[in-house]
Amino acid sequence: MKIAFISLAAFPSRSAESIHVAKMCEAFAEHGHQVTLVAPRRTPEPVGPELLASHYGVRTPFRVVKLPRPAIRGAARLFGAQAAAWCRRAGVDLVYSRDLNGAFFAATIGMRVMFEVHNAVDRVRGVSRWMLSRLLHHPRLVRLVVISDSLQRYFQQHHDLPAERILVAREAADAVDSADAAPVQLGPGALHVGYVGHLYPGKGMEVVVELAAACPWAVFHVVGGEEKDIRWWKEQRPGLDNLLFHGFVPHAVTAGYRQACDVLLAPYQSRVSDSRGGDIGQWMSPMKVFEYMASGKAILASNIAVVEEVVVDGETALLRGPEDFAGWTAALERLRDDPDLRARLGERAQAVFLREYTWPKRAAKVLRAAGATVAE
């Protein structure tokens with residue numbers, strides 16, 4: 001099957017969306033399909049197999065086509081129309097899109113479409129809201145794909161979509177290949193605690209800095225974040241010698257940092273900002289948690305609903321309230337003192353991950369819903 005994935009994300013970039021899209025394209029290709037990513041020309045360099053491998057860790061390459069996105073009013077809609085037209089000319093069998101405009105125009109010209117959404121769409125207004133309403137009830141829409149149970153309920157309640165029109169496919173991660181994920185050398189002795197990801201408000205740096213201050217016997221490694229955000233957090237709590245910021249690391253090599261840690265933190269707050277400043281806390285399916293599960297390391301995470309959809313307190317992670325700093329400290333002390341518990345939590349989480357949450361398994365779920373073949 002010829003599949004085109006339409007995305008407005010820049011390629012290459014540090015965004016979580018670009019990582020997600022690259023991994024889904026790779027997973028579709030691993031199932032034997034001919035895959036093309038259609039994206040806007042935001043950067044001049046071509047995106048070939050070498051860049052996909054170095055930046056995203058992609059092993060099964062796919063084609064990337066960049067279309068113009070002029071800096072004018074309505075550029076996103078123009079790009080969506082161009083992308084849909086390109087798909088039709090290319091004889092694409094299935095359009096998979098995270099872009100509303102591309103999905104709408106593709107369905108309008110008679111193409112089979114799957115539209116993936118990671119957030120509620122309350123902010124969509126005007127023509128875009130009309131397009132969304134038409135798309136959600138369009139006969140060429142194969143499925144609306146959402147990443148959490150809460151999002152499925154939202155679209156059922158607010159957009160009158162029956163459950164059979166919605167596919168819940170949670171986020172995913174790569175299985176850890178020991179040959180490519182050799183642990184980074186972080187030093188002997190101390191308990192190494194890791195946080196990997198962006199530092200946007202609500203992602204949990206509030207908890208990380210408090211833990212670093214309360215637990216001088218551990219070394220905290222923060223991997224990721226924009227330079228301005230790193231500077232801001234350093235200024236908030238100066239003098240924490242056990243809090244180390246490693247800065248941006250290409251996604252392809254982040255596994256080495258996770259493998260080097262004893263405990264991994266996912267301290268999401270009740271309100272979580274995305275790159276645009278919107279609140280995704282009640283809708284998200286945190287990719288970070290799946291990457292942590294893949295590592296086989298103990299996870300200490302917030303007990304917000306979307307995390308509890310994936311891991312179970314005391315079974316595959318330890319969960320604490322987002323603002324319960326004393327509870328987080330006590331949980332980390334427990335993990336420090338009980339290496340067997342760390343091992344059990346990590347092994348159980350990894351087993352669940354391998355059974356349900358790899359990228360190929362996510363892609364297989366989507367492909368089956370589209371009536372496409374799946375590699376066994």
Side-chain angles (χ1 to χ4, degrees), residues 3-11 15-18 20-21 24-25 36-42 65-90 92-148 150-169 274-280 282-284 366 369-370:
I3 301 173
F5 198 131
I6 300 176
S7 172
L8 269 175
F11 287 87
S15 74
E17 180 175 346
S18 78
H20 168 96
V21 172
M24 280 299 290
C25 288
T36 302
L37 167 60
V38 184
R41 190 179 297 134
R42 297 178 186 267
V65 171
K66 289 187 175 184
L67 300 179
R69 187 181 185 274
I72 59 173
R73 184 180 177 86
R77 194 159 295 144
L78 177 60
F79 166 78
Q82 290 178 317
W86 184 94
C87 292
R88 185 173 181 175
R89 290 194 303 272
V92 167
D93 302 301
L94 176 68
V95 174
Y96 195 91
S97 182
R98 283 191 58 177
D99 170 42
L100 169 61
N101 295 288
F104 171 81
F105 287 117
T108 299
I109 60 177
M111 307 196 73
R112 297 178 74 234
V113 173
M114 297 184 83
F115 178 45
E116 180 165 334
V117 179
H118 287 207
N119 203 349
V121 290
D122 296 332
R123 291 181 293 173
V124 176
R125 295 287 184 270
V127 174
S128 293
R129 192 165 187 84
W130 174 84
M131 292 169 67
L132 175 66
S133 179
R134 290 292 298 267
L135 174 64
L136 292 180
H137 298 280
H138 200 287
R140 300 302 288 172
L141 180 70
V142 178
R143 289 288 192 282
L144 174 71
V145 181
V146 298
I147 57 172
S148 63
S150 56
L151 261 184
Q152 181 186 41
R153 291 190 294 269
Y154 168 85
F155 280 98
Q156 287 179 271
Q157 295 168 5
H158 295 276
H159 293 273
D160 297 322
L161 272 186
E164 60 269 20
R165 294 274 286 170
I166 306 172
L167 176 68
V168 178
D274 61 10
S275 60
R276 300 177 183 89
D279 179 17
I280 58 173
Q282 61 180 316
W283 315 116
M284 66 181 183
V366 169

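Values below: all heavy atoms of this structure, side chains included; hydrogens, waters and symmetry mates excluded. Worth saying up front: this structure is predicted, and the values here are computed from it rather than measured.
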Quick check for you: to the nearest 0.5 Å, what is the distance between [X] atom [atom1] and [Y] atom [atom2]?
X    : Y    : atom1 : atom2 : result
I3   : C25  : CD1   : SG    : 9.0 Å
H20  : R98  : NE2   : CZ    : 5.0 Å
D160 : R165 : CG    : CZ    : 12.5 Å
F11  : K66  : CZ    : NZ    : 9.5 Å
L144 : Q156 : CG    : CD    : 10.5 Å
M111 : L94  : CE    : CG    : 8.5 Å

For a quick test of reading the model, state the closest non-hydrogen atom pair linking [X] to [Y] and the distance between them.
X    : Y    : value
C87  : A4   : SG-CB, 3.5 Å
A169 : V145 : CB-CG1, 4.0 Å
V38  : A83  : CG1-CB, 3.8 Å
A106 : V113 : CB-CG2, 3.7 Å
Q152 : A163 : NE2-O, 4.1 Å

*Any side chain to side chain donor-acceptor pair (under 3.5 Å) pairs touching residues 80-90, not counting sequence neighbours?*
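For residues 80-90, and leaving out neighbouring residues, there are no side chain to side chain donor-acceptor pair (under 3.5 Å) pairs at all.
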
Listing, residues 132-140 side-chain donor-acceptor contacts under 3.5 Å, not counting sequence neighbours, or none:
unit_1	atom_1	unit_2	atom_2	d
H137	NE2	H159	O	3.1
H138	ND1	R140	N	3.0
R140	NE	G110	O	3.0
R140	NH2	G110	O	3.0

*Side-chain touch V21/F5, heavy atoms, less than 4.5 angstrom*: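 They are in contact (side-chain heavy atoms under 4.5 Å apart), so the answer is yes.
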
*Just jot down the side chain to side chain contact (heavy atoms under 4.5 Å, CB included) partners of T108, sequence neighbours excluded, or say none.*
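If we apply the side chain to side chain contact (heavy atoms under 4.5 Å, CB included) test to T108, skipping adjacent residues, the hits are F104.
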
Output all residues satisfying side-chain hydrogen bond (donor to acceptor under 3.5 Å, both in side chains) with [X], sequence neighbours left out; order by chain, then residue number.
X    : value
R143 : none
D99  : none
S97  : none

